[in-house]
Amino acid sequence: MISKEMTVKLSGGMEARPVAMLVQVASQYDSSIYLQVGEGKKVNAKSIMGMMSLGLNAGEKVTVVADGSDEVPAMEEIENYLSTEA
């Protein structure tokens, strides 16, 4: 299991389209992938409803946790996606 704190750099934050894209990225991997905000809220990155409930904005910090056989490439691709400023 690996975890890493990241900053959401998507200009519009995590609105419907960016959330759907992140769910697609996460769903390509067999590993369990979760996003955690603060101390309490932790959601499955493969769940569109869970991801929408986070309501993340650009500039917010999130901890990504990946656990499984392909956790390293999953973490790298999620970090690349969240770091996109477009």
Item checked: Shortest non-hydrogen separation from Val62 to Gln36 and the atoms involved -> CG2-O, 3.4 Å
Notebook entry, point to check: Of the non-hydrogen atoms in Val43 and Leu54, which two are nearest, and what is the gap between them?
Noted result: CG2-CD1, 3.5 Å
Next item on the list: State which residues pass side-chain hydrogen bond (donor to acceptor under 3.5 Å, both in side chains) with Thr7; sequence neighbours excluded, sorted by chain then number.
Entry: Lys61
Next item on the list: For Asn44 and Ile33, work out which heavy atoms get closest and say how close.
Entry: OD1-O, 3.4 Å
Check: Just how far is it from atom CD1 of Ile78 to atom CG of Leu35, taken to the nearest 0.5 Å?
Finding: 7.0 Å
Note to self: Is there a path of hydrophobic side-chain contacts, each under 4.5 Å between heavy atoms of I/L/V/M/F/W/Y residues, joining Ile48 to Met21?
What the structure shows: yes
Margin query: Test your reading of the model: is there a side-chain donor-acceptor pair from Thr84 to the backbone of Tyr81, 3.5 Å cut-off?
Written below: yes
Note to self: Is there a side-chain contact between Met75 and Val64 in this structure, where contact means two heavy atoms from C-beta onward sitting under 4.5 Å apart?
What the structure shows: yes
Notebook entry, point to check: Can you name the side-chain hydrogen bond (donor to acceptor under 3.5 Å, both in side chains) partners of Asp70, sequence neighbours left out?
Noted result: Ser31
Next item on the list: Give, for atom NZ of Lys46 and atom CD of Gln24, the distance between the pair rounded to the nearest 0.5 Å.
Entry: 13.5 Å
Check: What pairs with Glu77 under side-chain hydrogen bond (donor to acceptor under 3.5 Å, both in side chains), at least two apart in sequence or on another chain?
Finding: Tyr29
Next item on the list: Kindly write out the residues that satisfy side chain to side chain contact (heavy atoms under 4.5 Å, CB included) with Glu15, not counting sequence neighbours, or none if the list is empty.
Entry: Pro18
Note to self: My understanding is that only residues two or more places apart in sequence, or in another chain, count here; which of them pass side-chain hydrogen bond (donor to acceptor under 3.5 Å, both in side chains) with Lys4?
What the structure shows: Glu79
Margin query: Among residues at least two apart in sequence or on other chains, which ones pass side chain to side chain contact (heavy atoms under 4.5 Å, CB included) with Met1?
Written below: Val65, Asp67
Item checked: Distance (rounded to the nearest 0.5 Å) between Lys41 NZ and Thr63 OG1 -> 15.0 Å
Note to self: Tell me whether Leu82 shares a hydrophobic cluster with Tyr34, the cluster being built from Ile, Leu, Val, Met, Phe, Trp, Tyr side chains joined at under 4.5 Å.
What the structure shows: no
Margin query: side chain to side chain contact (heavy atoms under 4.5 Å, CB included) for Leu10 and Leu56? Distances and angles first, verdict last.
Written below: CA-CA 10 Å; Leu10 299 166; Leu56 294 171; over 6 Å; no
Next item on the list: Report yes or no: do Val37 and Met52 belong to one cluster of Ile/Leu/Val/Met/Phe/Trp/Tyr joined by side chain heavy-atom distances under 4.5 Å?
Entry: yes
